[in-house]
Amino acid sequence: MLRGFHCNRTKHSIMSVDKSTVARVARLARIHVPEDRQEKLSAELNGILAWIEELNEVDTDNVEPIASVTGHSLPRRKDVVSDGDRVDEVLANVPETASGFFVVPKVVE
Amino acid sequence: MSDLLSLSAVAARAALDSGEISAPELATAYLEAVEQTAPLNNYVAVTADRALEMATASQGRIASGDAGLIEGIPVGVKDLFCTAGVASTACSRILEGFTPTYESTVTANLWREGGVMLGKLNCDEFAMGSGNETSAFGPAINPWQGADGVDLVPGGSSGGSASAVAARAALLATGTDTGGSIRQPAAFCGIVGMKPTYGRCSRWGIVAFASSLDQAGPFSRTVADNALMMQAMAGHDPKDSTSADTPLPDLMAALDKGVKGMKIGVPSEYVMDGMDGEVVALWEQGQAWLRDAGAELVEISLPHTKYALPAYYIIAPAEASSNLARYDGVRYGLRVEADSLDEMYAATRAAGFGEEVQRRILIGTYVLSAGYYDAYYLKAQKVRRLIKQDFDSAFETVDAILTPATPTAAFPVGRKVDDPVTNYLNDVFTVPANLAGLPGMALPAGLNSDGLPLGLQILGRPFDEASLYSIGRVIEDAAAFSAAPQHRAGGAS
């Protein structure tokens, strides 16, 4: 019943997401998506994108985008050290650590 | 002891100050209530020892005349807030075992004002959901039961918070609201929830979802309690660069101001096809209550309303995909070992994030990716400006806006939906306030024919939470909502 609220949801998506796009986006997002899930995800993402494309009805010529509603510019502080020397706290939740460092799999052969 | 549980926070404060009750007594009653309502799964961690310690300290401050605003009042904390020494997981597997070494500003403010921490409350994973069903701890349950005895969702994402306050397992609770995550659960559980103006409460130490939309706010059973908690938790914080340095007026003083002479807008675009007739009737009832109390009701137009949800579902996932990049298996939480760094990231994030979170990260990554940025993200930011301008022009003629809080009452746990968009439509009335940064309050106004609470929403000008409390109090008095959920500590009386 609520589906009728917004738009013609059967409208074909202009920018359709196929399996290979899902794989590419998943790689960009560093999330392993097994191949057997890619089909379902592409259908879901297409559903969301088709709905989102309703925005194309809105005339946004000469409209400036906004990233924030606060209306004030970001405050500045003095460029001085105000915090730090908390190695133990920073490393308190690290999955693997050694000698005060983060440990990751080898990245240079 | 059910007598203690039936006290409002304001009444409990008075009883504590007069010595009629003690803070440890109140904390003990609430800890028992938490246990009694455990099947609702609204707590993910109970901090009983800490509660009793804090209550004892409160009692000392009361005795020495140093009581804070919410001294001795038991508070539940959404698991999205970092609490020093207490696991904080955003109800995600990826933060399993994460115990912050620091305290969020909002919770620090609450403890400074004497709040007593009961524990951490269930929520949707990373606050992404409208039913508390995406939590790694399983769904929280609404204390209100469906007509056929079926379990209902408490709403989301702050579902555990709303469920606990409605079930009397917390007197007050924190929530966060990115697209309706305080107001929708408040409406579903028949309690009061406030999303303040963007910048009113510090975001420091709150797990980020969509940083330009996220705001913390209070849950309570009465409008006055809500104002009291809001007064305690809000305030400027240099550690959050978007925190507003705007003085907070005396919100308790706003409670009895009434609405005489106020102009209240009723947006014609909020009447939507397929809307529940009972929701419409209650909305009209709300208008009548305000008119009877001396307000002038004015029809207004917010022409871009229908575009708020699709714009939100570009902006919020885009910000989330960026914010959630930090969960990499290196700095905290879960790590799944793999041969290379990239494979370790991908395996960790696949195992640690649930389905809905993954879906939103993928959407966000897609709309921000090369070639699509202008078509989606920039377009959404332009529409966001138009939505904000709609409100700006409306507030030239009205003081506040009255709408329904949700299109329906609470729905059953495990309801099958054919696609994610159906769930997203829950937020249709609440999302515009996040995009425009406005304060919004949801409060119970009546029951539907299934005996479930329905809520109204009041939206205000930026930083005018005070008017929402004046209006909310008038609606609260007129509605005289006294119905009790089937599941609540201390019995249904």
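Worth knowing before you read on, the calculation uses all heavy atoms, side chains too, and leaves out hydrogens, waters and symmetry mates. All chains are named by letter (A, B, ...) in the order of the sequence lines, taking the proteins before the strands, and each is independently numbered beginning at 1.
- At least one side-chain heavy atom of B:Thr305 sits under 4.5 Å from a side-chain heavy atom of B:Met272.
- B:Thr101 and A:Arg86 share no side-chain donor-acceptor pair at under 3.5 Å.
- Of the residues considered (A:Leu28, A:Ile48, A:Val107), A:Ile48 shows the highest number of contacts with chain B, using heavy-atom pairs under 4.5 Å.
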### Message
Using side-chain hydrogen bond (donor to acceptor under 3.5 Å, both in side chains), reason through A:Asp18 and A:Ser42 one step at a time and then give a plain yes or no.
### Response
CA-CA 6 Å; A:Asp18 55 16; A:Ser42 80; over 6 Å; no
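- Looking only at atom types and distance, the side chain of B:Ser202 has a donor-acceptor partner in the side chain of B:Asp237 under 3.5 Å away.
- Ion pairing between B:Arg93 and B:Glu125 fails under the 4.0 Å rule for side-chain N and carboxylate O.
- Heavy atoms closer than 4.5 Å to chain B are found nowhere in A:Asp61, neither backbone nor side chain.
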### Query
Taking it one step at a time, do B:Tyr327 and B:Phe98 satisfy ring-ring contact (aromatic ring centres under 6.0 Å, His included)?
CA-CA 11 Å; B:Tyr327 304 102; B:Phe98 174 63; 8.5 Å; no
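- Heavy atoms of A:Leu41 lying under 4.5 Å from chain B belong exclusively to its side chain.
- Heavy atoms of A:Arg27 lying under 4.5 Å from chain B are absent altogether.
- Of the atoms belonging to B:Ala351, not a single heavy atom falls under 4.5 Å from chain A.
- Heavy atoms of B:Tyr424 lying under 4.5 Å from chain A belong exclusively to its side chain.
- At least one side-chain heavy atom of B:Thr246 sits under 4.5 Å from a side-chain heavy atom of B:Arg200.
- Heavy atoms closer than 4.5 Å to chain A are found nowhere in B:Gln389, neither backbone nor side chain.
- Contacts of B:Leu213 with chain A are absent, with no heavy-atom separation under 4.5 Å from either backbone or side chain.
- For B:Asp339, the part lying under 4.5 angstrom from a heavy atom of chain A is the backbone only.
- Chain A forms the most heavy-atom pairs under 4.5 Å with one residue out of B:Glu343, B:Gln358, B:Glu337, and that residue is B:Gln358.
- Heavy atoms closer than 4.5 Å to chain A are found nowhere in B:Ser321, neither backbone nor side chain.
- Of the two parts of A:Thr21, only the side chain, counted from C-beta on, holds a non-hydrogen atom closer than 4.5 Å to a non-hydrogen atom of chain B.
- Residues B:Asp342 and A:Arg30 have side chains in contact (heavy-atom distance under 4.5 Å, counting atoms from C-beta outward).
- At a 4.5 Å heavy-atom cutoff, the contact between B:Ala436 and chain A is made by backbone atoms alone.
- Closest heavy-atom contact between A:Pro95 and B:Gly329: CG-O, 3.4 Å.
- Between chain B and the residues A:Pro75, A:Ala43, A:Pro65, the largest count of heavy-atom pairs under 4.5 Å involves A:Pro65.
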### Task
Output, in order, the C-alpha distance, side-chain angles, deciding distance and verdict of side-chain hydrogen bond (donor to acceptor under 3.5 Å, both in side chains) for B:Glu319 and B:Ser212.
CA-CA 8 Å; B:Glu319 292 186 20; B:Ser212 80; 2.6 Å; yes
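- Counting heavy-atom pairs closer than 4.5 Å to chain B, the top residue among A:Ala26, A:Ala67, A:Ala92, A:Ser68 is A:Ala67.
- Each of B:Ile361, B:Leu435, B:Val330 has some count of heavy-atom pairs under 4.5 Å with chain A, and the biggest count is that of B:Val330.
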